[in-house]
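FYI, the numbering just counts along the sequence from 1. Please read all numbers here as calculations on a predicted model, not as lab measurements.
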Amino acid sequence: MKILSMDIESCTGGNRDGSMCSFGYTLCSEDFDILHSQDILINPAPKRFVLGKWGEEPRIKLAYPESVFRASPRFNEVYEQVKSLFEPDTLVIGYAVVNDVKYLNNACETYGLKPIEYRFIDVQLIYRLYKGLKEGCGLATCATDFGIEFTAHRSDEDAKVTMLVLKGICDRLGMTLTEMLAYYGIRPGIVRAGEYVGCTADSLDLERFSKKRRKNRELLINEYIYSLRHVRGRGVMYHRWVYIDHQLLYSDADKMRAIVGGIIYQGGRIAKSRRHADIVVADVKKHSIMIDNDGYRNDRGEIIDYMTLDELVARLDNLPKIDVSQDDDIIRNYYQDKDYKMMFGE
């Protein structure tokens with residue numbers, strides 16, 4: 001296996017305008033022995049370099065003057081040279097590499113060229129896991145950590161530093177690249193047919209799939225409401241439309257599904273807006289805001305009954321027991337379907 005560390009610079013910062021102006025790379029063996037390194041300069045498609053706000057210092061200073069880029073070939077003239085680097089047994093690496101993936105895909109699309117297909121890993125993600133960081137950090141921070149000096153925004157140097165950071169992590173852990181990837185549960189991203197699925201890690205999947213994430217709580221609660229769409233219950237909520245303020249509705253997946261189930265099994269329905277509701281449930285502070293802004297009546301002219309969540313629960317006769325055994329599967333299947341659609345467009 002070979003390792004191709006790549007870095008791309010753009011003359012505008014955009015990834016939809018053919019703005020790639022350099023493709024820098026370092027090609028090395030699996031043991032990080034450097035085989036070749038080069039900065040392939042490109043004359044970008046946009047007519048202007050836009051690297052900052054008008055009249056201000058550029059937020060990014062490229063390594064070469066604009067005239068040097070303009071004297072370089074267009075991407076379609078270096079396409080075959082770039083494409084030849086992405087051999088089937090080559091693992092591509094980059095720092096915050098999804099940006100580079102987008103630039104390269106866009107360059108191919110701009111010139112009507114066949115998209116390049118490859119596997120990739122994100123060194124920023126690996127460094128984050130190695131340091132136990134909640135968020136990613138810049139390449140310069142990593143370079144300082146490993147005592148590496150370099151010229152920022154020169155693509156071949158950024159690519160080389162990215163490789164050296166990855167090597168440094170492996171050396172500090174006393175692991176080979178393969179062992180380190182297995183240690184962190186890294187799954188390479190894939191680029192295929194101009195689409196991509198990002199690089200992920202098992203430990204981050206624990207966060208991604210956790211019910212602590214609001215997005216996942218929303219998923220479980222909305223899925224539960226949908227599953228009860230054919231239930232026609234009877235009880236204290238018969239023919240009542242209940243709107244629950246979203247801050248409350250999505251606060252706790254298990255608790256709120258039980259409350260929602262209690263409403264529906266006792267004849268009620270969950271309203272999507274306050275204006276369609278007979279009952280509006282919110283915290284005390286929001287009651288006055290809702291009343292002041294919307295009045296007491298719904299869109300049918302009926303008086304809305306405002307109450308807190310505790311007052312709602314007190315009205316319900318009983319709450320159903322929620323089966324949480326399938327929650328992990330529901331969340332994982334959602335993301336797997338989402339990733340599949342991103343990759344194959346189906």
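Within the structure, salt bridge (Lys or Arg N to Asp or Glu O under 4.0 Å) contacts touching residues 15-37 (residues at least two apart or in different chains) do not occur. Annotation: salt bridge (Lys or Arg N to Asp or Glu O under 4.0 Å) contacts involving residues 108-120, sequence neighbours excluded, are absent. Among residues at least two apart or in separate chains, there is no side chain to side chain donor-acceptor pair (under 3.5 Å) pair with a member in residues 83-93.
Between Tyr64 and Phe69, the ring planes are perpendicular. Angles over 60° get that label, and only those under 30° would be called parallel.
His239 is linked by a ring-ring contact (aromatic ring centres under 6.0 Å, His included) to nothing, counting only residues two or more places apart in sequence or in another chain. Scanning for salt bridge (Lys or Arg N to Asp or Glu O under 4.0 Å) contacts around Arg240 gives Asp305, with sequence neighbours left out. With sequence neighbours excluded, the residues forming a side chain to side chain contact (heavy atoms under 4.5 Å, CB included) with Pro65 are Ser67, Val68, listed by chain and number. With sequence neighbours left out, Asp254 forms a salt bridge (Lys or Arg N to Asp or Glu O under 4.0 Å) with Lys211, Arg257. Scanning for ring-ring contact (aromatic ring centres under 6.0 Å, His included) contacts around Tyr103 gives an empty result, with sequence neighbours left out. Legend: residues meeting salt bridge (Lys or Arg N to Asp or Glu O under 4.0 Å) with Arg172, ordered by chain and number and at least two apart, are Asp145. Annotation: ring-ring contact (aromatic ring centres under 6.0 Å, His included) contacts of Tyr183 (sequence neighbours excluded): none. For Asp252, there are no salt bridge (Lys or Arg N to Asp or Glu O under 4.0 Å) partners at least two apart in sequence or on another chain. Looking at residues two or more places apart in sequence or on another chain, you find a ring-ring contact (aromatic ring centres under 6.0 Å, His included) between Tyr250 and His246.
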